[in-house]
Student: 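I am attaching a structure below and will ask some questions about it afterwards.
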Amino acid sequence: MTTTETPGILPRILDYSSRPDPYPLYAELRKTPVALQEDGSYVISTYRELTGLLHDPHLSSDVRNLSRPMPGAAERAAPAFINLDPPEHDRLRRMAMRHFGPPHTPGLVAGMEGDLAAVVSGLIDDFTGKERIDIVDDFAYPFPVTVICHLLGVPREDEPRFHVWVNHIIDAINYNPKTDPQEKLTNGMQATKDLRQYLGGLLEQRHGRPGDDLLTRLANDDGPEGRMTDDEIVSTANLLLIAGHETTVNLITNGMLTLLRHPEVLRRLRTEPDLAVPLVEELLRYEPPVHIIPWRAAYSDITVADTVIPKGSQIMLMLASGSRDPDRFHDPDRFDPDRQDNQHLGFGSGIHLCFGGPLARLETQIALNALVRRLNRPRLIADPPPYRPSPVLRGPIHLPIEQS
């Protein structure tokens, strides 16, 4: 049996004090690939077991298949496709992808390269004359927010409104009824309603009107599988708005922090811009933006590493731990942009592989190339920097640097 209760490790991983460096705790957790928790949930931490489960049809992404309801589950609105299983997941993802990528819109992401570079250049132009810069506030946040607002058709000037809602929603992802105030969940549920109402209002304006943004296309598209309902469009837009900037903010910020900690790689990227492609893949393994999938549900009794996990159990997938597993990656705690066979879990795997992964990759490649080329002798002010509260979407909340 590989199941052991590990009451000390997971709470330490989730505790904010571990946010700057959870990796030693992941190494300790991997000694027990399938770890039963006191609340009856199971934590999976090794690469082999994680990849198996991410491709296992006996694992559900639908909260309704948990035997023990999650807090606030009864009040949840129509779920986005990331929280559904086939065939509904597949139908909605196909309908959204018609307007986002191959096969129907194959050149969308590649065709944005010039516009992305222009946004990046404009943001860095504003650094002129500044000795001190916050990479998050001044760059890594406004860049992907501008991009996803343009793609979706969300007014950029509304960002202060939905920024507050998104923060409450993300905080609620980590809600623990034993340790967190009820207000944390309440705020998250209300923010979800507010954001959906806001997106629903934008959607109403798009019906029957021409436009190239994703909301307008979904509102008026009669593809081979028909048209999404308004609730389905709002759920999809809600997902893309949040995931479309939160993960990329972390990826860019983690990337710049990693380069500043590895000045030899920073200098190399400055003279070898093509290095950005494998470098971003290594970042997705070494310092990924998403560390944990907080829950999956077992459709039926399943066996993982000789451990039987009962039907309806909550399963937590520690993706960042898997990407540092020494049984899969040579010298996994070393940042190596020349790493070969880098099948990381930074964007997940299986049918829920990150929908916006190609865009996030391109944004980060362009961003890091521009930053290392145009910043003048950048230096960290604080190491480690302050981190966001979330252990799920992990990254610095601020990254102050100085330049000459």
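Model, not experiment: these values are computed from the prediction.
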Student: Could you tell me which non-hydrogen atom of T248 sits nearest to which non-hydrogen atom of A360, and how far apart they are?
Tutor: OG1-CB, 3.7 Å
Student: Is it true that D213 and R206 make a salt bridge, defined as a side-chain N closer than 4.0 Å to a carboxylate O?
Tutor: yes
Student: Could you list the residues that satisfy side chain to side chain donor-acceptor pair (under 3.5 Å) with D212, not counting sequence neighbours?
Tutor: none
Student: Does N238 have any side chain to side chain donor-acceptor pair (under 3.5 Å) partners at least two apart in sequence or in another chain, and if so, which?
Tutor: none
Student: For the residue pair G346 and S323, what are the closest heavy atoms and their distance?
Tutor: N-OG, 4.2 Å
Student: Test of understanding: with ring pair (Phe, Tyr, Trp, His ring centres under 6.0 Å), list the residues that count as partners of F355, not counting sequence neighbours.
Tutor: F81, F100
Student: Could E282 and R339 be called an ion pair, given the rule that one side-chain N must be under 4.0 Å from one carboxylate O?
Tutor: yes
Student: Using only heavy-atom distances, determine whether the side chains of E49 and T46 contain a donor-acceptor pair under 3.5 Å.
Tutor: yes
Student: Using side chain to side chain donor-acceptor pair (under 3.5 Å) as the criterion, list what pairs up with D194, not counting sequence neighbours.
Tutor: Q190
Student: Between R394 and P20, which heavy-atom pair has the shortest distance, and what is it?
Tutor: NH2-O, 2.9 Å
Student: Taking the basic N atoms (NZ, or NE/NH1/NH2) and the acidic carboxylate oxygens, is any pair closer than 4.0 Å for R94 and E225?
Tutor: yes
Student: Looking at residues at least two apart in the chain, or sitting in another chain, which of them share a ring pair (Phe, Tyr, Trp, His ring centres under 6.0 Å) with Y47?
Tutor: F329
Student: Tell me whether the count of non-hydrogen atoms from other residues, nucleotides or ligands lying under 6.0 Å of CZ in R98 goes above 12.
Tutor: yes
Student: Which side-chain hydrogen bond (donor to acceptor under 3.5 Å, both in side chains) pairs, counting each pair once, include a residue from residues 133-147, with sequence neighbours left out?
Tutor: D134-H398, D137-H398, Y141-E159, Y141-H163, T146-R156
Student: So, E131 and R379, do they make that salt bridge, N to O below 4.0 Å?
Tutor: no
Student: For R209, enumerate each residue passing the side chain to side chain contact (heavy atoms under 4.5 Å, CB included) test, keeping only those at least two apart in sequence or located in another chain.
Tutor: Q205
Student: Has Q340 got more than 12 heavy atoms of other residues, nucleotides or ligands less than 6.0 Å from its CD?
Tutor: no
Student: Under a 3.5 Å threshold, yes or no: a donor from one side chain and an acceptor from the other, between R12 and S17?
Tutor: no
Student: Inspect the surroundings of CZ in R227 and state if more than 12 heavy atoms from other residues, nucleotides or ligands are less than 6.0 Å away.
Tutor: yes
Student: Testing the 3.5 Å rule here: is there a donor-acceptor pair between the side chains of D85 and Y299?
Tutor: yes
Student: Do T229 and D231 have a side chain donor and acceptor closer than 3.5 Å?
Tutor: no
Student: Got a sec, which residues hit side chain to side chain donor-acceptor pair (under 3.5 Å) with D62, two or more places apart in sequence or on another chain?
Tutor: R64
Student: Run the numbers on F347 and H352 for ring pair (Phe, Tyr, Trp, His ring centres under 6.0 Å), then give the verdict.
Tutor: CA-CA 9 Å; F347 283 142; H352 291 290; over 10 Å; no
Student: Determine which pairs satisfy ring-ring contact (aromatic ring centres under 6.0 Å, His included) with at least one residue from residues 357-397, sequence neighbours left out, and list them in order.
Tutor: none
Student: Does CG in L199 sit with more than 12 non-hydrogen atoms of other residues, nucleotides or ligands closer than 6.0 Å?
Tutor: yes
Student: For H262, check ring pair (Phe, Tyr, Trp, His ring centres under 6.0 Å) against everything at least two apart and list the hits.
Tutor: F335
Student: Do other residues, nucleotides or ligands put more than 12 heavy atoms under 6.0 Å from Q197 CD?
Tutor: no
Student: Counting only heavy atoms not in E113, do more than 12 fall under 6.0 Å of its CD?
Tutor: no
Student: For a quick check under 3.5 Å, do H344 and N342 share a side-chain donor-acceptor pair by atom type?
Tutor: no
Student: Check whether Y26 forms a cation-pi arrangement with R324 (NZ or CZ under 6.0 Å from the six-membered ring centre, at most 45° off the ring normal).
Tutor: no
Student: Can you name the residues that form a side chain to side chain contact (heavy atoms under 4.5 Å, CB included) with H99, not counting sequence neighbours?
Tutor: L214, R217, L218, D221
Student: Look at R377 together with E402 and state whether they make a salt bridge at an N to O cut-off of under 4.0 Å.
Tutor: no
Student: What pair of heavy atoms forms the shortest contact from T258 to E287, and how long is it?
Tutor: OG1-CG, 3.7 Å
Student: What residue pairs, at least two apart or across chains, pass ring-ring contact (aromatic ring centres under 6.0 Å, His included) with a residue in residues 180-215?
Tutor: W165-Y198
